[in-house]
Amino acid sequence: MLIWLLLVPVLAAVLMPVAEGWRRDGSRWLSLVALGLQALLLLPLGSDGGTWWLESRTDWLPLLGIGWHLGLDGLSYLLLWLTVALGIVSVLISWREIRQRVAFFHCNLLLSVAGIVGVFLALDLFLFFVFWELMLIPMVLLIAIWGHDNRHYAATKFFIFTQASSLLMLIAILGLAFAHRAQTGVISFDRDDLLQLQLSPVLAHWLMLGFFVAFAVKLPMVPLHTWLPDAHTEAPTAGSVMLAAILLKTGAYGLLRFSLPLFPEASAAFAPVAMTLGVLGILYGAKLAFAQHDMKRLVAYTSVSHMGFVLLGIYALNGMALQGAVMQMLAHGFSTAALFIVVGMLYERWHTRDLRQLGGLWTRLPRLSGFTMLFALASLGLPGLANFVAEFLILAGAFQRTWPLTAVAALGLVGAALYSLLLVQRSLWGAAKPAAGAPDCSRREWLVLGALALALVWFGLHPQPVLELVREPLLRVLDAPLAHSGVELSSSWLSLRGRGL
Amino acid sequence: MGAWLAWIPLLPLLSSLTLLLLGRRLDERGAALFGVGSVALAALLSLVAILLFVVSDGTAWGGQALSWFSALGLEVGFSLYFDGLTAVMVGVITGVGLLIHLYSVAYMSGDDGFARFFAYLNLFVAMMLILVLAGDFLLLYLGWEGVGLCSFLLIGFWYRVPENGYAARKAFVVTRVGDVALALGLLILVQQFGTLLIQDSVGQAQLLWADSDWPFWVALLLLGGAVGKSAQLPLQTWLPDAMAGPTPVSALIHAATMVTAGVYLIARTQGIFLLAPDVLQLVQLVGGLTLFLAACSALVQQDLKRILAYSTISQIGYMFFALGAGAFSAAVFHLMTHAFFKALLFLAAGQVILSLHHEQDIRRMGGLLRPMPFSALCFAIGCAALAALPFTSGFYSKDAILLQAYAHGGAGIAWWLALAGAGVTALYSLRLFVRLFLGECHTAPTPDNRWPMRWPLALLCLLALFGALIPQPLSDVFVSVPAGEQHVSWAVHLAVLLMPWLGLALGLWLLLRGEDLRRRFAGGILARVWRTGWGFDALYNALLVQPLSLLARLNRRDLLDLPVGFLAWLSRTCHQGLSRLQNGRLRQYVAGIVWGALLVLAVVL
Amino acid sequence: MTGLFYFTMLIALLAALQVVRGLNAVHALLHLIVTLLALSLLFFLLGAPFAAALQVIVYAGAIMVLMVFVIMMLNQGDAAVEQERAWLDVASWRVPGLLCGLLLLELGYLLLAPADGGRVRAVDAAAVGRTLFGPYLLLVELASMLLLAALVGAWHLVRPLKNRREGTSDD
Amino acid sequence: MDAAGLKALTPLLLLALCAVGTMLLAGFRRNGRLAFYSYQGGLLLALLSLTWALPERSLEVTPLLRMDAFFGYFAVLFILSAMAIGLMAAGHFRRGGGRARVEESYVLLAICLLGALVLAGAQHFAALFIGLELMSVASFVLVAYPCGGRPVEDGVQGNSLEAGLKYLLLSSAASAFLLFGIGCIYLDTGSLAFAPLPPATTLSLPGLALLLIGVAFKLALVPFHFWSPDIYEGAPTPVAALVATLSKTALFAAVLRYVWYGALLELPGLATAVAVLAALSMLIGNLLALRQRHIKRLLAYSSIAHLGYLLVVLLAVGHAGLAIDAAAVYVLAYSVTTLGAFALVGCVCEAGAEADYRLEVFGGLLWRAPCLGASLILVLLSLAGIPLTLGFIGKFYIFAAGVEAGLWWLLGVLVVGSAIGLYYYLRIVLIMLGPAPEAGGIGGRRWLVYGLALLLVLLGVYPLPVLSWLPVL
Amino acid sequence: MTEIPVEHGLLFAAALFCIGLVGVLVRRNLVFMLMSLELMLNATAFVFVLGGALHGNADGQVMFVMILTLAAAEVAVGLALVVHLYHRHRSLDADRLDVMKG
């Protein structure tokens, strides 16, 4: 069952040339079919009360304790849906944008999806690492082949940043495996086995850092974020969507699935630093977004800001904040993807993304402008839209750990208002600048944008399904630190009560 | 009970969505039907609700219609709460809102964004209703930000003019600063009580927080939110600029309803504020300062709507002053009367502006009494109420504020400011009326005889005059603040009574001396400072906006990218240097071996 | 005996220096042969008559003759000597001399660790032969392969030259 | 030498026979094809003979060689590599037309392989030395091998001659260092066998240092690496492949065995020296390749870095149980990948009349020849150590050995080096995605490339067959 | 027989080795370089013979034979290449071998 989730896109990718030969849009349809199939596979799944809804385990390299161990729980289920949904969106928005090497494009897209699905399912650390690296290669190709002018630079930067950081994670993974051998006599890369480890604090600290760096680069965390604006800006729209909506989530997912449960004490001790970095990211990302002229770059920096919230939420280490973080992953997936799509559509029509050359779009493209407005509002965290629930929960959770940082983080909301409204004001409002007329949303575009808008509103007003879905997995994440942790949270320097408030 | 209450905000909300989605397909009549009809229905429902509430002896209704979300440690629902305060607010919002909607049909006809306008306006009404009906802080916050959004959209309604966009953004961002404070306040409540139900948390606060710092912080943060939304010091700067929106918007949002949300918030959380007397003092001081400073600014403005905007700030300052002084019901009372007469003034001003082809500078006005008698009448009534002349609604509310405040706290600085402010209010009211309707006619107006616009005005005139008679079921809402020790002497009564007249007399005296107030003040430094709103804009510009934008400009390329670039440069340089060593010379290569041998031996040594 | 030993060493070193410094290839080669012969004497003194004999016969005999042959073949005359003089200016000695001096110092430091002066024990030809064709038989075979490789290679490398000189393109 | 030893020696004897036989065959009848079959047949026989010749348990055949699983693994790897090189050579040398003399190349290749096998089994310095020199002398000639697209009259091409001379002179100097080192050790211990050093060593340490210098040169470790790009560039492509794979990996195998038997890196100074060389190689090798425009030179620099990675394993020997396995796997990955790379170079760069080794030649390859392009991507990913390729398995093992031995700083350098390496591997991919050159043809033995690429992926996805066969030592 | 300190023998070998190395470094004439290489090889050969003499076993001399073989092979191939070079350039200048670089 789980293997099919992986195999479907891979098979479709392999069949791409055949589809291309069948008819002109064959590869596009095949991609849609494959992703639809995945959705169908996901649809009937549900919890049976255990830790994993589905689990499969097969030997791979038994002499190294490496197995093909996949597992699905609420968290992965949610992210798989996100992946599939945004995958479909990516195919749809590339319908007209990608005209060259269409089959290869979709091949890469699907392979990337497969890699990401693997990341969300893998429970063997070796396997996880394999998928972690694999999802990047097609993504690099997407940027490098179909990107904009500076694509080679962006692709290289992206590649080196992510690969180099993941090597650190590899070291940490191996460290864990050998620690397991030292304690039990057998080497194992299985998450279940490694969870039982008792690590010395120093070792745990360094290994945790290895994981953290890899995930933080992907997240991205300031100051390791600098690959992101370039990659997002230069990628084709579908690439930006995949990057922003899904790929960044793998970092947060990794933290939740591996970093926190495997190193509860070390993570708890590290939390103040991580939270500080998260807050830094929120503000710094907002500040940079505010300064940009290039719309796509602006949106890219908003990602930095939003993912800063995720980092803050994750390391707040309480249920509310974790749920908020997951919610933010989802909301950011939708809102930022939507903004990238809008920018892509504008670029398709006007061949510029420079805010100085845009303006008054509302007059020309009222529908598209309306969508832009809505997505910008989601980005600034307007209540009623999904981002708000997420950000509020994160702040509420983080506040219980540390009030000064949370107060500073809350300033990010002002920053969000600044850049979002600047985007609206400079592109939508003002005198209508581009002279040439262009068609408003086509039906396909309407469908995509409408679906995303609906998702944002729906999850803004009814986030409960998401919160329910991830409640159990997150509680398990949380159990670990509470069960093992000897660190007295309230005595940390960030504590609210400690300040005699 | 109460599930049907949800329909009060839902009706305008649905209408708004309809208009947003289908607005382009509807003609003006259709759009107006949706826009006005939904509000009318909401008003009707509200009326029913209020009547039922009064009939049921004023017990508060609370109910949770639906769950919003329940996270680990926090449960939030779309819960509604209806008590006397809500009743007053709902009444004002739907009542005044309905009148303004009616007025707008005529005012906005012909604008190509007609449907959009009503969509936004309906959305605003919905959000405002959510704000006041909310039984949960987070729902209140939703409305709170929602009205901010609508304010933003409506200020920037005529989006083609860049200044409007700027004003809209400024309004949103400045109020967002307050919102953040409010949000932080809510976070404390979450942390402490694990709930955001308003009544629960306020109740728990009173139970648990007798001797603690918490009320101080929570109240302070709530005040921050209130100050932002209600344009009080120090976040008042956005409101004068917000006048860029269409005049009915100014009337509804920036005079009658939204800007009083702060007052509502403080009144709603009275329980917490009472635990924090320091903050209450601060509220009073903020109110007093704001009302006086804004009144002075109103005195010297040249733009009709800006005068009214500063006047609004000033009047809300009275409300804050009252809240701070413990005169909660007086504040709410003034909130209501102010909604009536300020809406009247704005709408009448709108009529004037429309007649003068969107002329707003009062220096180009004058002598409009004859061509526009109806507007003049409206203005006269509105100004009278604003100046708190006897037997107008404003008179009662302002009297109540000043006297109750005196009774509670005696004559502090704030009280004296409030008293002086009453005089200044009268003065600028007189100036406004005189500049508009007396003297020479500078611009020929088109007649103001559009009846659809007159009906609402007429009704508002009545309300401005007799609105004080509307009873307010507030007795159960507010904990009665222990009456002050101060005996309110007859001298105080007299002073309060006479102050507006004093202002009027001063004005008349100046008028009779033939000296225009403008000329009197025009050149003075004081006037210039007043006209620019006491220089707050310049201050913020220099302290915040400029540094921020400078920072943004300087760091557009992301300084943190430099180390990465440096590493790349370093690699390239190393590569070039090393490549140069690879020069193809055999003997150099041998030398390389020898160097290597030296190195290895040295390491081994 | 010991004196002779050190004396021979000295000769070997001096001759080696002459090889390195020499301008005329043939002279240098003669100096090289002197070095080789001196070494041969040293081997003999060290009780390795077999090695000494081989040194004389194979090295100084066969290999050097090969070199003499080639040098004669490429005979460049006096011009070459002038050329060498130009190439070997003082400056070109500095860095290599310094480097090798340093290396020698390091080596000396490392190698002059206190070691017991061992008594030299003679290993005669018979012993060497027994060893070579006993346990090291494989080595000998492999050495033959080495020579085969050199033979095939040298022949193959030089063949085109021969062809060209003879004007025939193929054999 | 008894019968069992003789039986165990069969592959070596077969190879020697193959060399002599091919030479004799060429003497009787000059035919390139015949020589090719003779060569490949001999190799195949040797490979097959391994299946029965290899003793069950580790067997000492004369003091020189030890036939064990370690030998078996590397012997198979080397013979297969040599077969692949033979295939490449057949394609390459034939480009000269009928006049080119290719027969000798097979003789020399066979001798080279013989040396490699001797090294794989060497447990004695004499074997180490003779194996090494067998390979060296044969490759001197092969590097300068007269052949190629020019008239035979010209003989050795300029670059080849230059490369051959450089290789010869530098290699001889390095051999002298190596010998001096061995001499010192011999002087100290009185034995040439691989064995732990006596506790009170005086001369062995400098001896080992000198030995290390010689070895480092042959392995082209920084700062003894100068020769390698020139040799790679000048040598005919198959020979470059030979120098890149066989002559390095074989020596590495022998050194590995010595280090392992002798537990040498317990000596602190020596371990430091090796670590320094490893770090320098990883960093400088990758830096040198960074913007290199010549594919063969780039591969040379890249292999410098890869040998640096391998040294990490060497350091882990004795501290990590995985070390020998890691070395074996990495050598396999490195060989297959490098051979693939050179086969690709043969296909793409030498298709035209004039060989063109600029990277631009790869422009648009993915669109011109999708399968070759995909193979190139695979090879590059394998070089970069990205999962699902054999290169990743190799790198994974290196990391594992490093972690197990706690070589944290070297691992850090490894990460940095790999990060730099990613740049130029990706750069080739990007060039390949870009515009095609004006004159770009495709030729040569494509199926060799495909085969190697397939091997990369297959073993990358499911390396169990290799891993479970690893010499359990 | 003779009794000499090992250090002195080694020192002699090292000196001879270094002289040869200097030769390789300094000379531009390839023939001289080859000769210098021979010096280096001889130095190592001396070490082996010395070792054999000290330990009284034949391994040292066996290695000497091997070195001899190597020297022969090297000189043969090297001279073949040198002759080639001379035919190409009419010069034995090692510094002309710098076409490949970078």
Side-chain angles (χ1 to χ4, degrees), chain A residues 157 161 222-223 225-227 229 284 287-288 290-293 301 318-320 322-324 360 362-363 366 370 377 382-384 388-389 392-393 395-397 399-400 403 406-407 410-411 413-414 417-418 421-422 424-425 428-432 461-464 467 471 474-475 478 496 500-501, chain B residues 20 24 66-74 76 78 116 138-139 141-146 148-149 152-153 156 159-162 164-166 168-169 172-173 176-177 179-181 183-184 186-188 190-191 213-214 217 548-549 551-558 560-565 568:
Chain A
K157 203 169 173 182
F161 257 87
V222 171
H225 66 284
T226 62
W227 62 271
Y284 194 70
K287 192 203 80 61
L288 276 168
F290 175 68
Q292 300 307 316
H293 292 311
Y301 278 116
N318 58 41
M320 217 186 293
L322 285 184
Q323 280 187 318
W362 205 301
T363 319
L377 291 175
L382 192 79
F388 170 72
V389 178
F392 187 81
L393 283 177
L395 288 175
F399 195 86
Q400 308 194 357
W403 68 267
T406 311
L411 285 182
L413 297 177
V414 180
L418 275 174
L421 298 185
L422 191 79
V424 166
Q425 193 197 336
L428 306 187
W429 290 0
L461 293 177
H462 189 53
Q464 202 55 38
L467 300 181
R471 180 197 295 265
L474 291 182
L475 277 177
L478 227 44
L496 187 59
L501 247 172
Chain B
L20 277 176
R24 312 209 127 238
L66 279 172
S67 163
W68 186 355
F69 59 86
S70 82
L72 292 159
L74 177 65
V76 179
F78 292 111
R116 187 162 57 94
L138 208 61
L139 192 58
Y141 193 77
L142 187 150
W144 189 268
E145 291 253 293
L149 165 70
F152 167 76
L153 291 173
Y159 57 85
R160 290 186 187 85
V161 185
N164 293 358
Y166 181 76
R169 194 153 60 90
F172 194 93
V173 171
R176 191 104 211 239
V177 174
D179 295 355
V180 167
L184 285 174
L186 300 191
L187 296 184
I188 295 184
V190 173
Q191 192 208 15
D213 283 340
W214 289 117
W217 291 105
L548 265 180
S549 57
L551 204 62
R553 258 205 315 282
L554 285 180
N555 193 15
R556 182 163 290 146
R557 296 293 311 167
D558 192 357
L560 288 181
D561 203 18
L562 284 184
V564 179

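Below, read A as the first sequence line, B as the second, and so on, with proteins coming before strands; counting in each chain starts at 1. If you're wondering where the values come from, they're calculated on a predicted model, not measured in any experiment.
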Count the heavy-atom pairs under 4.5 Å between each of [options] and chain A, then report the option with the highest count.
options	value
N164(B), L20(B), L138(B)	L138(B)
A183(B), G73(B), A71(B)	A71(B)
D558(B), L149(B), V180(B), L142(B)	D558(B)

Can you find a heavy atom in the side chain of [X] that is under 4.5 Å from one in the side chain of [Y]?
X	Y	answer
R557(B)	L562(B)	no
Y301(A)	K287(A)	no
L184(B)	W403(A)	no

To the closest 0.5 Å, what do you measure between [atom1] ([X]) and [atom2] ([Y])?
X	Y	atom1	atom2	answer
R116(B)	L153(B)	CZ	CG	8.5 Å
T406(A)	Q191(B)	OG1	CD	9.0 Å
L461(A)	F388(A)	CG	CZ	11.0 Å

So which part of [X] gets closer than 4.5 Å to some heavy atom of chain A, the side chain, the backbone, both or neither?
X	answer
A168(B)	side chain
L139(B)	neither
L560(B)	both
I188(B)	both
V564(B)	side chain

[options]: which one forms the most heavy-atom pairs within less than 4.5 Å of chain B?
options	value
L382(A), T363(A), L393(A)	T363(A)
G319(A), G430(A), P223(A)	G430(A)
A417(A), G324(A), G384(A)	A417(A)

Does any backbone or side-chain atom of [X] lie under 4.5 Å from a heavy atom of chain B? Answer side chain, backbone, both or neither.
X	result
L288(A)	side chain
L467(A)	side chain
L428(A)	backbone
L418(A)	both

* Asked: So, the side chain of Q464(A) versus the backbone of S70(B): is there a donor-acceptor pair under 3.5 Å, distance only?
  ->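 Yes; judged by distance alone, with no hydrogens or angles, the pair exists.
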* Quick one: does Q323(A)'s side chain have a donor or acceptor within less than 3.5 Å of a partner on L72(B)'s backbone? ->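 Yes: the side chain of Q323(A) pairs with the backbone of L72(B).
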* Can the positive tip of R169(B) be found less than 6.0 Å from the middle of the six-membered ring of W429(A), inside 45° of the ring normal? -> no
* To do: Using distance alone, with no hydrogens and no angle criterion, decide if D179(B) and Y141(B) have a side-chain donor and acceptor under 3.5 Å apart.
  =>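 No, because no side-chain N or O of D179(B) sits under 3.5 Å from a partner of the opposite role on Y141(B).
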